[in-house]
Amino acid sequence: MNIASAYFAIDEFDEGNLYLDDIKDNILKNGDEESKMRMNSLMGIYTTNHNKKAEAEQHYVTAEKIAKDNQFNSYLISIYENRVRHHKLYNEPEKAKVYKAKLDSLNKVLYSEDKLNNIQKAAVQIELDEYKIQLDKIEKVNQKHQKSLKESKLIVILFIVILVVLLLLLLTLYKNIKLREQANFELTQANEALKEAKEKAEEASQLKSQFVSTITHELRTPLYGVIGITNIILDEHKELGNSPHLKSLKFSAKYLLSLVNDILQINKIEEKRIVLENLIFNLTDEITTIKNSVEYIADKNNDKLSIEIDTAIPEFLIGDKLRLSQIVMNLVSNALKFTKNGEVVIMADLKRVEGKTHFIEFKIKDTGIGIAKEDQEKIFDKFVQIERKEEDYQGTGLGLSIVSRLIELFDSEILLESEENVGTTFMFTIGFEYDEEKSREIINNIDVDLSSSHLYNILVVEDNKINQMVTKKIIQNSNMSCTIVDDGYAALVALDRETFDLVLMDINMPLINGFDTTRKIREKGIKTPIIALTAFDKQEVMEEALAAGMNDIMVKPFEPTKLYQVITNQVKNSENAG
Ligand code: ADP
């Protein structure tokens, strides 16, 4: 059909038609719409030029119809062109005009369609540009997002790092807490162990002092016997008075007794069981008594012993005269022990007065061997004795430690000045109360006539055979008569049978002790004065003794004169009361 169309374009219609003849029928019958339309259009051209006007118009109509039905608009234009040419050929201008108009309007439509197409293309382009811009924008936003994404990634990483660091910190904190808990636990345990150890130590220390206390008490009773019996032997066998063996027996027993007493005293001071007493005393009297009792040492060592007492010191002072005497006695006997062919002075000076308290400075000064600087602190320790070459004295090494502790009880301290081979001075200051009224009262109370020599009848209640002997001897020597019983029940029987002026009652006895015996005696309504005899410290048993109904206490071993004094006192008191 293309070749035929080409021949028709150069007006060689027959030549062209040759190509159509063979396919004409087949196409018109079986061809598709486009082929049918083209065939009809070509056959229209051919028949137009072979004067077959009607047939030609028939073909144009068919072709036009197919083109219109199928909107083959560009073919419709060529169909209209051929139709215009056809009518012009057959000199039908009116009809040619009709188809020319159709052709023009179609052209117009097609042309505007083109334009429309172009506009549409431009619009699409604009749209495209817009899309591009939008795409750019999106791209930019995207980039921005990408950037912020990067930033947030960094933040996330940072966050993770911080989290890890925090976790590590938490871990170390936890470990620390665990460690501390462990340390705390160990500390608590150590604390507990320490507490236990402390309690044990305290218990041990208490046991120790209890042990010391018991042992020394137990030792004092037999020692009392040894000293007492030695005295009896010396008394009964005057010819043995010069026996060196008996002398050293007495000396050893006395030494042992003083050692035991010292240990007991130190133990008591350490236990804080010593309470200072308030007694009235005359200082000159007390110091003179001490001087007299150590005079024999002074004589032995050829020492001059003197006392210098300030006249400003009141006549009567109130305080613990026994402890004061103990201090001065210790220092003076030391001074005499370590001084040969020299001088020892006991001085007392009123230093100051605060209210009723008179502060008196005591000085015990000697011209003896002195104490080396390096030893001056040591000597106050327990059991310290400085080594000396030509030793001829015996000491326990406890004297100064007792002295310094006793002075501490008086809220004072001991001072020491000493130079080797020049001499030694011990000093201390103690405040004593001075109250005239109080003094007078006390003096009136102790005004006892010791000169009368009554023959008193004494009951001695004592289980220890040796003590029985010793006490009996002392009483008989004092011109008094005595009955001895072994236990409390026997005492009750004796008191029922006989009247006594006074009872000397041992405290520690089998069957029934001294306290209970006294209670039973008092229950019977017997008012006879009862004096307790004990190896214990006075203060320890005082309360119980008084509660049981006893009148006084004598600590064994006692001086015969002291016993005599106490007996006289008590009998006088009970006579006055009766
Ligand atoms: P002791 O029982 O040995 O006398 P002390 O505690 O009383 O024990 O004294 C301790 C030591 O101090 C003595 O051994 C002695 O060496 C020394 N001492 C004490 N007083 C004097 C003194 N007045 N002169 C020289 N030495 C002294």
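Just so you know, ligand 1 is whichever comes first in the structure, and atom 1 is the first atom listed for that ligand.
- Near Gly370, meaning under 4.0 Å from one of its heavy atoms, ligand 1 places the atoms 25 (C).
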Apply side-chain hydrogen bond (donor to acceptor under 3.5 Å, both in side chains) to the pair Ser325 and Glu286, showing each step before the final yes or no. CA-CA 7 Å; Ser325 296; Glu286 291 301 318; 3.2 Å; yes
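- Where the criterion is an N or O separation shorter than 3.5 Å, residue side chain and backbone included, Asn334 meets it with respect to ligand 1.
- Taking the charged nitrogens against the carboxylate oxygens, Lys291 and Glu295 do have a contact shorter than 4.0 Å, which makes a salt bridge.
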Using residues 191-205 as the side-chain source, report each donor-acceptor pair under 3.5 Å to any protein atom, sequence neighbours left out, with the distance given to one decimal.
residue: Lys198; atom: NZ; partner: Glu202; partner atom: OE2; Å: 3.4

Can you list the steps and then say if Asp496 with Lys524 is a salt bridge (charged side-chain N to carboxylate O under 4.0 Å, His left out)? CA-CA 9 Å; Asp496 274 344; Lys524 281 171 177 276; 3.0 Å; yes
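- Under a 4.0 Å criterion applied to the non-hydrogen atoms of Ala335, ligand 1 contributes the atoms 23 (N).
- Neither the backbone nor the side chain of Leu331 has a heavy atom within less than 4.0 Å of ligand 1.
- For ligand 1, one of its N or O atoms has an N or O atom of Leu400 under 3.5 Å away.
- Within the 4.0 Å heavy-atom criterion, the part of Ile371 lying near ligand 1 is the side chain and not the backbone.
- Scored by the ring pair (Phe, Tyr, Trp, His ring centres under 6.0 Å) test, Phe500 finds no partners at all (sequence neighbours excluded).
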